[in-house]
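Below is one structure, written out as structure tokens; the observations come after it.
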Amino acid sequence: MSAPFSWIRPEPQGIHILPADIWVDPSRPVPRALVTHGHADHARGGHGITIATPATLAIMALRYQTREGASPAEYGERVDIGGGVSATFLPAGHVLGSAQILLEHAGERVIITGDYKRTPDPTCTPFAVTPCDIFITEATFGLPVFTHPPIADEISKLLKSLEENPDSCILVGAYALGKAQRVIAELRASGHHDTIWLHGAMEAMCRLYEEHGVALGDLRLVSDAPSKEAMRGAIVIAPPSALDDRWSRRLPDPLTAMASGWMRVRARARQRGVELPLVISDHADWNELTQTIAEVNPQETWITHGREEALLRWCALNQRRARALALVGYEDEDD
Ligand SMILES: [Zn+2]
Ligand SMILES: [Zn+2]
């Protein structure tokens, strides 16, 4: 009989499941990988076999042009991955196709959350609270200072600014996978049905979301605009890297906004020259992280991917066993 949980080993380049010789979100190519979601810090091309949800595999095919070795797992489907280990993909509520992965071996249950959030998002399936022995949680916003406001407030701010600046356009920086589509879907839900103009880098991912049943309304490419004038009084969405480059010169007097959890930090907004910071995050904030640990109520919590210290202290104060993992290669593509 081996020691409890000795079958799962956090290593710097990912989490290794020894009896199945398979890795979760590895930062380098491996023969067999389980991938939680399509963001670049979790999903990489070049694995021999990739097991992920169909939407994540479609995102990976789009981003890395690799289709070989794709092995789809539906939410809730229990997949035998060998060595007496099974993997079940459960919704994580982070972006389209995002999953927590429940691993079961010898009666022991471990969940790896990948990235997640608890607030509703019209573009993906909500996080499923699932019991387990070890809960491996992300901690991108693992400080009490990080509390994300309701998204409706941020969307109202954006629409108010649009109304007050009819001769400009509002240029919103948003990550191409997840954030952009969520902002668009929330704008539609709040009754904004005007054309939204897109940077070319957004087009394929928006189309992929629509193919997966997420309606985004009337979208057009900035490069197809008949004139600058056509975009006055409109919302334009571009990747954050395009906010201050030459590309934005084709826009009519753009007012710069950015949708990110980091916009909570005023200095970051100022540093980037953002005039309208929108605190919109696809990660759990401090309250969601602690609420989730309490609800899942594992024997032990492993913390990774962000600010581990404060969450470790919270666990200690609440008589919960916890440890911090030092995994490398996770950077916020997707805050
Ligand atoms: Zn992510
Ligand atoms: Zn991440």
Side-chain angles (χ1 to χ4, degrees), residues 10-15 23-28 33-45 47 50 52-53 55-60 62-64 75 89-101 111-121 123-128 135-143 146 148 151 173-183 185 201-202 205 208-209 212 214 239-241 258-263 279-286 288-289 292 302-308 311 324-335:
E11 296 192 14
Q13 60 272 29
I15 291 169
W23 294 78
V24 179
D25 291 353
S27 57
R28 57 170 171 76
L34 300 166
V35 172
T36 58
H37 67 286
H39 280 138
D41 53 333
H42 299 259
R44 281 156 214 261
H47 303 311
T50 303
T53 62
T56 295
L57 290 171
I59 290 165
M60 290 178 73
L62 175 65
R63 299 189 126 190
Y64 310 114
Y75 287 135
F89 286 68
L90 306 163
H94 174 58
V95 296
L96 180 72
S98 66
Q100 321 167 56
I101 301 175
I111 285 178
I112 299 166
T113 65
D115 295 336
Y116 68 99
K117 69 174 174 295
R118 303 298 304 276
T119 49
D121 176 341
T123 69
C124 61
T125 314
F127 182 94
F135 186 61
I136 305 180
T137 181
E138 66 131 318
T140 303
F141 290 103
L143 284 176
F146 290 115
H148 307 322
I151 190 166
Y175 290 94
L177 167 54
K179 192 65 58 67
Q181 296 78 20
R182 185 179 177 209
V183 167
M202 300 284 172
M205 195 60 75
L208 186 151
Y209 264 65
H212 284 80
V214 180
S241 59
M258 166 103 177
S260 163
W262 298 113
M263 291 297 104
V279 185
I280 299 177
S281 173
D282 285 331
H283 291 271
D285 69 4
W286 174 258
E288 292 170 63
L289 290 169
T292 304
W302 295 358
I303 305 163
T304 179
H305 199 354
R307 281 141 200 81
E308 292 92 357
L311 208 50
L325 306 183
L327 303 181
V328 295
Y330 292 100
E331 316 233 320
D332 305 298
E333 184 204 3
D334 53 338
D335 44 21

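When a ligand or atom number is given, it counts from 1 through the structure's own listing order.
- Among the heteroatoms counted here (N, O or S) of His39, ND1 is the one nearest to the Zn ion (ligand 1).
- A ring-centre distance under 6.0 Å is found for His148 and Phe141.
- In terms of the side-chain contact (heavy atoms from CB on, under 4.5 Å) criterion, residue partners of Thr125 (sequence neighbours excluded) are, by chain and number, Tyr75, Pro91.
- Here His305 meets the criterion, with an N, O or S atom under 2.8 Å of the Zn ion (ligand 2).
- Under 3.5 Å, the side chains of His42 and His305 contain a donor-acceptor pair of N or O atoms.
- The backbone N or O of Ala176 sits less than 3.5 Å from a side-chain atom of Gln181, completing a donor-acceptor pair.
- Tyr116 pairs in a side-chain hydrogen bond (donor to acceptor under 3.5 Å, both in side chains) with only one of the listed residues (Thr36, Thr140, Thr137), which is Thr137.
- Taking 2.8 Å as the criterion, Asp282 does not count as a coordinating residue of the Zn ion (ligand 1), since none of its N, O or S atoms falls below it.
- Of all the N, O or S atoms in Asp115, the one closest to the Zn ion (ligand 1) is OD2.
- Around the Zn ion (ligand 2), the angle linking Asp41 (OD2) with His42 (NE2) is 90°, rounded to 10 degrees.
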